[in-house]
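Counting begins at 1 with the first residue of the sequence.
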Amino acid sequence: MRRRVVILGVAIDDVLMDEAIAAVARFIAEGGPHQIVTVNPEFVMEARRNRAFRRVLAAADLATPDGFGIILAARWRGTPLRGRVTGIDLTERIAAEAARRGWSLFLLGAAPGVAERAAAALQRANPGLRITGCYAGSPRPADEPPIRERIIAARPDVLLVAYGHPAQDLWIARNQPLLRVPVAIGVGGTFDELAGVVPRAPALMQRLGLKWLYRLIVQPWRWRRIMTAAPLFLWTVLREGRAFDALHAE
């Protein structure tokens, strides 16, 4: 039975990686459009002020817990989650499963050339992986028709979209009724990390939940966004937690 934890009005599935992959396999077997969101503290804070984004998160077929802050908040609320399923970890695991099971991927987003470099990295790690398309594109609604044509022609099993939240998730929600890709996932900065454009946090810092601190060190110009994703989120959970959920949970 699907167990969901609600944090500041956003529902998150209590899933581990193997369970997320099982869901991906089921969605591909079913066909038709499915959307997966990887919910981190920034998602939750954005959803508080963005009604359209909040609706997309609520309607997602799977909402994975992405971010140590989510784990801490759930634990504090007395509804602990068993672990994290981050965007980059899910992407790498899907690529491995795709090479084994014959699924195909399409990479959309990031700066020009980055998706291609990310695809090459995934294929080096997973010989035989089929990638049916890479395209930077744009999240602007006016640019959607030609992007849809590319994706429909490529017929991927999994569409990875790296426009950053909430743009990527809103883009998927708008276009999936026409694309009908079995699985579409917003993956944020995953392509940048896979391509080596942005260095990946050391494993120890990831395990300790300090990825946000590493990003602050290597990308200090993002301080406002990083502070929203970590200290401000946790302070908001402590201050408003149960009262906000009672009023705004969907």
Do [X] and [Y] touch side chain to side chain, with heavy atoms closer than 4.5 Å?
{"X": "P156", "Y": "L105", "answer": "no"}
{"X": "E30", "Y": "P182", "answer": "no"}
{"X": "V5", "Y": "R77", "answer": "no"}
{"X": "I70", "Y": "F233", "answer": "yes"}
{"X": "I21", "Y": "I94", "answer": "yes"}
{"X": "L234", "Y": "L72", "answer": "yes"}
{"X": "W103", "Y": "R130", "answer": "no"}
{"X": "T86", "Y": "L90", "answer": "no"}

Inspect the contact between [Y] and [X] and indicate whether a charged nitrogen and a carboxylate oxygen are less than 4.0 angstrom apart.
{"X": "R26", "Y": "E19", "result": "no"}
{"X": "D66", "Y": "R84", "result": "no"}
{"X": "R2", "Y": "D14", "result": "no"}

Please check if L16 and L81 belong to a single hydrophobic cluster, counting links between Ile, Leu, Val, Met, Phe, Trp and Tyr side chain heavy atoms closer than 4.5 Å.
-> no
Same apolar cluster (I L V M F W Y, side chains within < 4.5 Å links), L232/W76 = yes
For the residue pair [X] and [Y], what are the closest heavy atoms and their distance?
{"X": "G87", "Y": "T190", "answer": "C-OG1, 3.7 Å"}
{"X": "C134", "Y": "A115", "answer": "SG-O, 3.8 Å"}
{"X": "Q176", "Y": "A184", "answer": "NE2-CB, 3.6 Å"}
{"X": "V183", "Y": "V24", "answer": "CG2-O, 4.0 Å"}
{"X": "G109", "Y": "F191", "answer": "O-CD1, 4.0 Å"}
{"X": "R101", "Y": "A25", "answer": "NH1-CB, 3.3 Å"}

Look up atom [atom1] in [X] and atom [atom2] in [Y], then write down how far apart they are to the nearest 0.5 Å.
{"X": "R48", "Y": "T236", "atom1": "CZ", "atom2": "OG1", "answer": "5.5 Å"}
{"X": "L194", "Y": "E92", "atom1": "CG", "atom2": "CD", "answer": "5.5 Å"}
{"X": "E144", "Y": "R174", "atom1": "CD", "atom2": "CZ", "answer": "4.0 Å"}
{"X": "R155", "Y": "R180", "atom1": "CZ", "atom2": "CZ", "answer": "13.5 Å"}
{"X": "N50", "Y": "L57", "atom1": "CG", "atom2": "CG", "answer": "9.0 Å"}
{"X": "R117", "Y": "L107", "atom1": "CZ", "atom2": "CG", "answer": "13.5 Å"}

Any sub-3.5 Å donor-acceptor pair from [X]'s side-chain atoms to [Y]'s backbone N or O?
{"X": "N126", "Y": "L122", "result": "yes"}
{"X": "S104", "Y": "I131", "result": "no"}
{"X": "N40", "Y": "E42", "result": "yes"}
{"X": "Q168", "Y": "G188", "result": "yes"}
{"X": "Q35", "Y": "D169", "result": "yes"}

Report the hydrophobic cluster partners of L159, with the cluster defined as I, L, V, M, F, W, Y residues connected by side-chain heavy atoms closer than 4.5 angstrom, directly or transitively.
-> F106, L108, Y135, I147, I151, I152, V161, Y163, W171, I172, L179, V181
Who else is in the cluster with L170 when I, L, V, M, F, W and Y are joined by side-chain contacts under 4.5 Å?
-> V56
Kindly determine whether T64 and D13 satisfy side-chain contact (heavy atoms from CB on, under 4.5 Å), including the steps that lead there.
-> CA-CA 6 Å; T64 72; D13 290 298; over 6 Å; no
Check the pair F43 / V10 against side-chain contact (heavy atoms from CB on, under 4.5 Å), numbers first and verdict last.
-> CA-CA 9 Å; F43 278 53; V10 175; over 6 Å; no
